[in-house]
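For reference, the structure is listed below as structure tokens.
Lettering of chains follows the sequences in order, A, B, ..., and the numbering in each one begins at 1. Hydrogens, waters and symmetry mates are skipped; everything else that's a heavy atom, side chains included, is used. These figures come from a predicted structure and were not determined experimentally.
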Number of protein chains: 2
Amino acid sequence: MTARISDRRRALTALAGAVLESEGLDAFGLGALARAAGVKTPSLYKHFDGLADLEGALISEGFTALASALEGASGIRAFAETYRAHALARPQLYRLMTSRPLDRSRLEPGAELAAMTKLLDAFGESPADHPRARTLWAWAHGLVILQIDDRFPSDADLDASWEVLIATADGWTRTH
Amino acid sequence: MTARISDRRRALTALAGAVLESEGLDAFGLGALARAAGVKTPSLYKHFDGLADLEGALISEGFTALASALEGASGIRAFAETYRAHALARPQLYRLMTSRPLDRSRLEPGAELAAMTKLLDAFGESPADHPRARTLWAWAHGLVILQIDDRFPSDADLDASWEVLIATADGWTRTH
DNA sequence: GTCTATAGTGGGATAGAC
DNA sequence: GTCTATCCCACTATAGAC
């Protein structure tokens, strides 16, 4: 019963996530959230310390949700398909998370690290594995973000492109 | 001697490219270009049909330059290193070209296609090779854009991550 | 080809009443 | 926790004089 203020912030953050997807990243802002909430813009300042704070809450939630989704993915195929599905389920949030400078001071501590750790752990925790883990992440990210930004021809067989990634990374784990 | 107007447009576009890199994509606009050119913003409308036209000119130039750079690259290693160096030489232009919705009606006809064709041709022109060519492009793009957006730890060995890409793609061409 | 003047839009943000 | 009122800023864009 004590932390009802926090509940309101959480509810507004969830609404903001929906607005972000429906309006698009470029049209998103305090005004868009206020309109959707049926509230005037200045009211939001009781719950967020400005736009950067709101974006930080959304991004933190995104990292936490990604880490949680990857938790249950074992094996390269599950990893790749989970990452792909998770990103495409909320493409505008994915763009917000990855396609602009990241103000880490606005994030919940550990949120980004939790997601990154899950990514790196797909290949073991040894530092020697990191270049391969990072390049695999970049590969998956490239496939996802180019699709979100509509850079592939409409007839491109993206499933086939993902299969190349899966087969390649599977080869790495088999020979480790 | 006839097309001096066009010369001015070209010079302003070149200046805009420099401003884009020094000010960053978010701070770029007609005002930034006007300040750099020592001119008032409305004057630019004699040379560009608004901001979208200016951005289209920059993006077209970027695609043309990329196609030209890839022209001389033969083999996977040369391809990868050329792409990487070209993107990182003008990171803000690369972001402008790849990280937002692309208004193709504002581009010089064929500019995007020329660059994309060079990318696909790295693996031959058969449609069966396209999934592999596209996934390789996405991979290279992911490595470049995550570095530009500062998403890798500062101690990450990116050279090693690129070597994984090169070794993998080399394997594809050897077994074709 | 450049200028001044101006209009319009949209956004973020603060102060203070209720 | 929400409101009104207000301010500030930045940018795009047009009209018309020089």
Side-chain angles (χ1 to χ4, degrees), chain A residues 1-59 92 95-96 99-103 105-107, chain B residues 1-59 92-93 95-96 99-103 105-106:
Chain A
M1 305 295 191
T2 65
R4 276 289 153 75
I5 298 172
S6 200
D7 283 352
R8 180 78 172 122
R9 179 181 165 110
R10 242 181 318 240
L12 283 170
T13 303
L15 178 60
V19 172
L20 175 61
E21 295 305 327
S22 62
E23 304 284 312
L25 179 54
D26 290 347
F28 179 75
L30 292 170
L33 173 57
R35 279 187 291 275
V39 156
K40 301 300 176 185
T41 306
S43 305
L44 297 175
Y45 284 81
K46 294 289 182 182
H47 309 286
F48 300 97
D49 188 21
L51 177 62
D53 184 37
L54 170 60
E55 289 181 343
L58 278 169
I59 294 170
Q92 298 301 316
R95 288 187 67 210
L96 175 64
S99 296
R100 29 173 83 181
L102 188 61
D103 182 356
S105 72
R106 298 284 183 173
L107 300 184
Chain B
M1 303 293 187
T2 64
R4 275 291 154 72
I5 296 173
S6 201
D7 283 353
R8 181 78 173 122
R9 179 181 165 110
R10 240 180 322 234
L12 283 170
T13 302
L15 178 60
V19 172
L20 174 61
E21 294 305 325
S22 62
E23 305 283 313
L25 179 54
D26 290 346
F28 178 77
L30 292 170
L33 174 57
R35 278 187 292 275
V39 155
K40 301 300 177 186
T41 306
S43 306
L44 297 175
Y45 285 81
K46 294 288 182 182
H47 309 286
F48 300 97
D49 187 20
L51 177 63
D53 184 37
L54 169 60
E55 289 181 344
L58 279 168
I59 294 171
Q92 299 300 317
L93 175 59
R95 288 187 68 212
L96 175 64
S99 296
R100 27 173 86 182
L102 189 60
D103 182 358
S105 71
R106 298 284 185 172

Looking at [X] and [Y], what are the two nearest heavy atoms and their distance?
X       : Y       : result
B/Phe48 : B/Asp53 : CA-OD2, 3.3 Å
A/Leu44 : A/Leu30 : CD1-O, 3.3 Å
A/Gly31 : A/Thr41 : CA-OG1, 3.8 Å
A/Ala27 : A/Ala32 : O-CB, 3.7 Å
B/Gly50 : B/Tyr45 : CA-CE2, 3.8 Å

Rounding to a whole Å, what distance do you find between [X]:[atom1] and [N]:[atom2]?
X       : N      : atom1 : atom2 : result
B/Leu44 : C/dG1  : CG    : P     : 12 Å
B/His47 : C/dT2  : NE2   : C1'   : 8 Å
B/Leu51 : D/dC11 : CG    : P     : 11 Å
A/Phe48 : C/dA13 : CZ    : P     : 13 Å

key: Whether B/Arg95 side chain and A/Arg100 backbone form a donor-acceptor pair below 3.5 Å   = no
key: Helical bend (five base pairs per end, nearest 10°) for the helix from C/dG1-D/dC18 to C/dC18-D/dG1   = 0°
inquiry  = Applying side chain to side chain contact (heavy atoms under 4.5 Å, CB included) to A/Leu102 and A/Leu107, what does each step give before you reach the verdict?
reply    = CA-CA 9 Å; A/Leu102 188 61; A/Leu107 300 184; 4.2 Å; yes
All N/O contacts under 3.5 Å from nucleotides 14-18 of chain D to the protein, with atom names and distances to one decimal?
none

message = So if I take every side-chain heavy atom of B/Val39 and compare against C/dA13, C/dC3, D/dT12, which nucleotide ends up nearest?
response = C/dC3
ask   = In chain order, what residues pass the side chain to side chain contact (heavy atoms under 4.5 Å, CB included) check against A/Ser43, with sequence neighbours excluded?
value = A/Val39, A/Lys40
remark   = Across all chains, not counting sequence neighbours, the side chain to side chain contact (heavy atoms under 4.5 Å, CB included) partners of A/Ala11 are none
key: Close approaches to DNA chain D from residues 25-36 of chain B, in residue order (heavy atom, under 4.0 Å)   = B/Gly29, B/Leu30, B/Gly31, B/Arg35
Identify every side-chain donor-acceptor pair in residues 13-23 of chain A under 3.5 Å, counting partners at least two apart or on other chains, and give the distances.
unit_1  : atom_1 : unit_2  : atom_2 : d
A/Thr13 : OG1    : A/Arg9  : O      : 2.7
A/Glu21 : OE1    : A/Gln92 : N      : 3.1
A/Glu21 : OE2    : A/Gln92 : N      : 3.3
A/Glu21 : OE2    : A/Leu93 : N      : 2.9
A/Ser22 : OG     : A/Ala18 : O      : 3.2
A/Ser22 : OG     : A/Val19 : O      : 3.2

inquiry  = Taking salt bridge (Lys or Arg N to Asp or Glu O under 4.0 Å) as the definition, give me every residue that meets it alongside A/Arg106, ordered by chain and number, with sequence neighbours left out.
reply    = A/Asp49, A/Asp103
ask   = So does B/Ser43 get a side-chain nitrogen or oxygen closer than 4.0 Å to the phosphate oxygens (OP1/OP2) of C/dC3?
value = yes
